[in-house]
Amino acid sequence: MKIPYVVSPNTRIAYSTCEQMKDSAGEINRRIMAEDFEWDENLTPAPLAYLACVALSRVFHRINPLPSILQKDVDELMDLYPDDIPLKHSVPYIKDEQYWIRSYHSKFSLCRDVEVVDWKEKYLSKYLQDYLENANPDVFIEEDAAELAQLVSPYIKKLVIEQLNVVRQPEPSIPLDDDKVEDVCPFSVPKVYDHIPLEPVLRNLRNLEEISLIFGMNNVEESYLPRYFKFSLEDCDSLCGGLKELQRLRVFRINRSNLDCSKAKLLLQNLVKISSIEELDFNHCRIGDYGMKALAGFIMIHKNLRIVRIANNCFKEVGVQGIAYALQMKPAAPLQLLDCSLNFFSVESASKLAAALVRCKEKPQTLILNSCGFHGDSAEKIVGLLSLNRGLTRLDMAANNLSGAAEKTLIISLEKNRKMLKLDFRGTHISTETQARVDELLERNRELMHVKVESSEEIPPLYLDEPEYLVWEYNPDNPHHIPGKYPPRIPQV
C-alpha cells in the first residue's frame, strides 16, 4: 500500500525535516526531496501505468483486472476506484481495506466507529441495515432482498435493525352509488401492522452470530401512530422462518417492541433448536407471566445460555416463580447474568427469587435488580440471601429503598459472604457509614479471591443434597420470614 496508509501522519510529522535545516546552504538548492512523497507532483508527467489505472478504474463493471496485475498496480487502483461501485461487482473481488474505508465514510458520513477490525464487514453490515430500515413494505421485493442477503452473507456476522416501516394503512372505500349506504369511517378499516418480511433475508445470512431488532420507527415526530410499534403474528412467523437456518447464532435481541407472551413463546420454540444461543435480550417489551414460564422452560432445556435480560416487562409473581424454578433445575442453562431491572417485585416475588438463589449456589454470578421497587421486607429478603448464596459475585440494586432493617441485614449477610466482589447501591438511601462498611467488606473479599478459605460455623457450607434445611430457611410460602436471621444448624441424627 502507499506510504500515506502505511506510515501514519503523526509519524511523518515527527520525523520531518525542520524548517531551519531546509533553509541551510547545503539543502536550499536540493531539487529532489526524498522525504517528500509528493515532490514530483505538477513537475513530471504521470507514468503510463498510472494512466492505464485511471482508464481501468472507469470500466470496472466490464473489466476486472485485479487477478492479472501486480500488487503495486492493485494498490494504485484501490485509490482510483469510485466508492459507489455496485455491490455485485465490488463484493466478490475487492478485498482492500482502504477502498471499504472510503466507501463507508462516503455513504455513512455521520457514523463514527472506532476500533473496527474488518471494514468490509462493517460496511456491508451497515449497508444491509440501511436497506432494511428504509425499505417500503408496500413495494418490497423479496427476491431483491434475498439476492442482496446472499451476496453479503459470507461477510456479515452481526445484523442490527433499529427501525422497521409498517405497511400503509388502507383507506376506506368511497361509495360510487349515491343510494348505497356504506361505512366510510377510518376506524372501520381492518388494522394492518405488518412490517417487511425478514424470512427471505435471514435465511440467507448463514454466518450470522448476533441479531438486534426493534419493531418500531424513529423520528416520527407529529405523525406518531400506535400501529407503528406493533409486532404482529405475521411478523413473528416471518422472523421464526428465517431463524431456522441460523445455526451459528449466539446473541438474539428484541428491544422496545410489542413482544407479548404468545409471540415470545413462538420465538422461544424456534430458538431452542439453535444450540449455539448464549444470550437472550428482551428488554423493554411486554412479556408477562405466561411468557416468563416459556422462558423458564427454555432455561431448563438449553445448555449453553449464559445471559438473560428481561428488564422492563410485565411479569409478576407467577413469572418470577417460573424463573426461580428454572434456576434450581440441574442440569440447566449455566446462567452467568440475569437482568430483571425495572420490574416490580412484591414480597412474594422477592421470597421466591431469594429461595431459588440460595438453592442454586453456582448460578447466576451477576444479578441486576435496579429500580424494582424493593423496600421493607422485600428488600431485606434480597440482601439477606447474601448470607447463604456463594455463587453471586455482583449484585446491582440501584434505585431501590434499602433503608431501615434491610440496611442492618445487609451488613450481617455481607460479613458472612466471602465471594461478593461488586455491589451497586446507588440511590438506595443507605447511610454513609453503611456504604463505607460495604466497601470495606468488598475489599476484603477481593483480597481473598485467590486464598482458599476453610469452612467454619460462621460460613456454613451449602450442598444441594440438603434441601430440607434450605427450604426451611427460605420458605417461599412464608413471606414474613427474614433471611439472614436463622437459628444455629442442628445436624440430623
Side-chain angles (χ1 to χ4, degrees), residues 1-17 22 27 29-131 134 144-145 147-158 204-205 207:
M1 184 52 67
K2 280 187 173 182
I3 292 296
Y5 301 147
V6 176
V7 182
S8 66
N10 292 334
T11 304
R12 297 172 62 188
I13 294 173
Y15 288 92
S16 62
T17 306
K22 292 180 180 179
E27 298 287 331
N29 295 323
R30 186 158 59 98
R31 299 182 60 186
I32 298 178
M33 306 292 181
E35 69 278 5
D36 184 6
F37 303 107
E38 290 84 17
W39 69 273
D40 60 342
E41 290 186 3
N42 302 323
L43 295 178
T44 59
L48 183 59
Y50 175 80
L51 298 178
C53 290
V54 172
L56 287 173
S57 66
R58 299 170 181 170
V59 292
F60 182 73
H61 60 287
R62 288 186 295 159
I63 301 176
N64 177 23
L66 299 180
S68 56
I69 62 177
L70 299 177
Q71 183 61 41
K72 66 180 186 65
D73 297 325
V74 173
D75 299 339
E76 192 77 33
L77 275 171
M78 292 303 104
D79 296 331
L80 297 174
Y81 278 149
D83 51 32
D84 56 352
I85 296 176
L87 292 184
K88 63 180 180 180
H89 300 297
S90 61
V91 171
Y93 306 110
I94 298 181
K95 302 178 182 179
D96 186 80
E97 284 288 284
Q98 292 299 324
Y99 172 82
W100 297 110
I101 291 175
R102 287 195 298 114
S103 300
Y104 183 86
H105 291 302
S106 175
K107 186 173 180 61
F108 310 108
S109 57
L110 298 179
C111 300
R112 291 291 180 263
D113 295 280
V114 296
E115 298 181 359
V116 178
V117 177
D118 190 342
W119 280 98
K120 186 175 184 179
E121 176 186 346
K122 182 67 178 178
Y123 174 79
L124 296 178
S125 178
K126 189 68 176 178
Y127 186 95
L128 182 61
Q129 175 186 352
D130 182 72
Y131 175 82
N134 297 295
D144 294 346
E147 182 180 355
L148 174 61
Q150 189 173 7
L151 179 64
V152 303
S153 174
Y155 309 96
I156 291 185
K157 297 181 180 180
K158 179 179 179 180
N204 289 288
L205 301 177
N207 295 328

Ring centroid separation for His105 and Trp119, is it under 6.0 angstrom? yes

Short question: side chain of Lys120, backbone of Ile94 - any donor-acceptor pair under 3.5 Å? yes

Are any of the side-chain heavy atoms of Leu205 and Leu128 separated by less than 4.5 Å? yes

State, yes or no, whether a side-chain contact exists between Lys107 and Asp84 at a heavy-atom distance under 4.5 Å. no

Can you find a heavy atom in the side chain of Pro82 that is under 4.5 Å from one in the side chain of Ile85? yes

Inter-residue atom distance Glu76.CD - Ile69.CD1, 0.5 Å rounding: 10.0 Å

Would you say the side chain of Leu77 lies within less than 4.5 Å of the side chain of Tyr99, judging by non-hydrogen atoms? no

Run the numbers on Ser106 and Asp83 for side-chain hydrogen bond (donor to acceptor under 3.5 Å, both in side chains), then give the verdict. CA-CA 7 Å; Ser106 175; Asp83 51 32; 3.2 Å; yes

Side-chain heavy-atom pair Tyr123, Val152 within 4.5 angstrom cut-off: no

Determine whether more than 12 heavy atoms belonging to other residues, nucleotides or ligands lie under 6.0 Å from atom CD of Glu121. yes

Is any side-chain heavy atom of Asp75 closer than 4.5 Å to a side-chain heavy atom of Gln71? yes

Using a 3.5 Å distance criterion without hydrogens, assess whether the side chain of Ser125 forms a donor-acceptor pair with backbone atoms of Lys158. yes

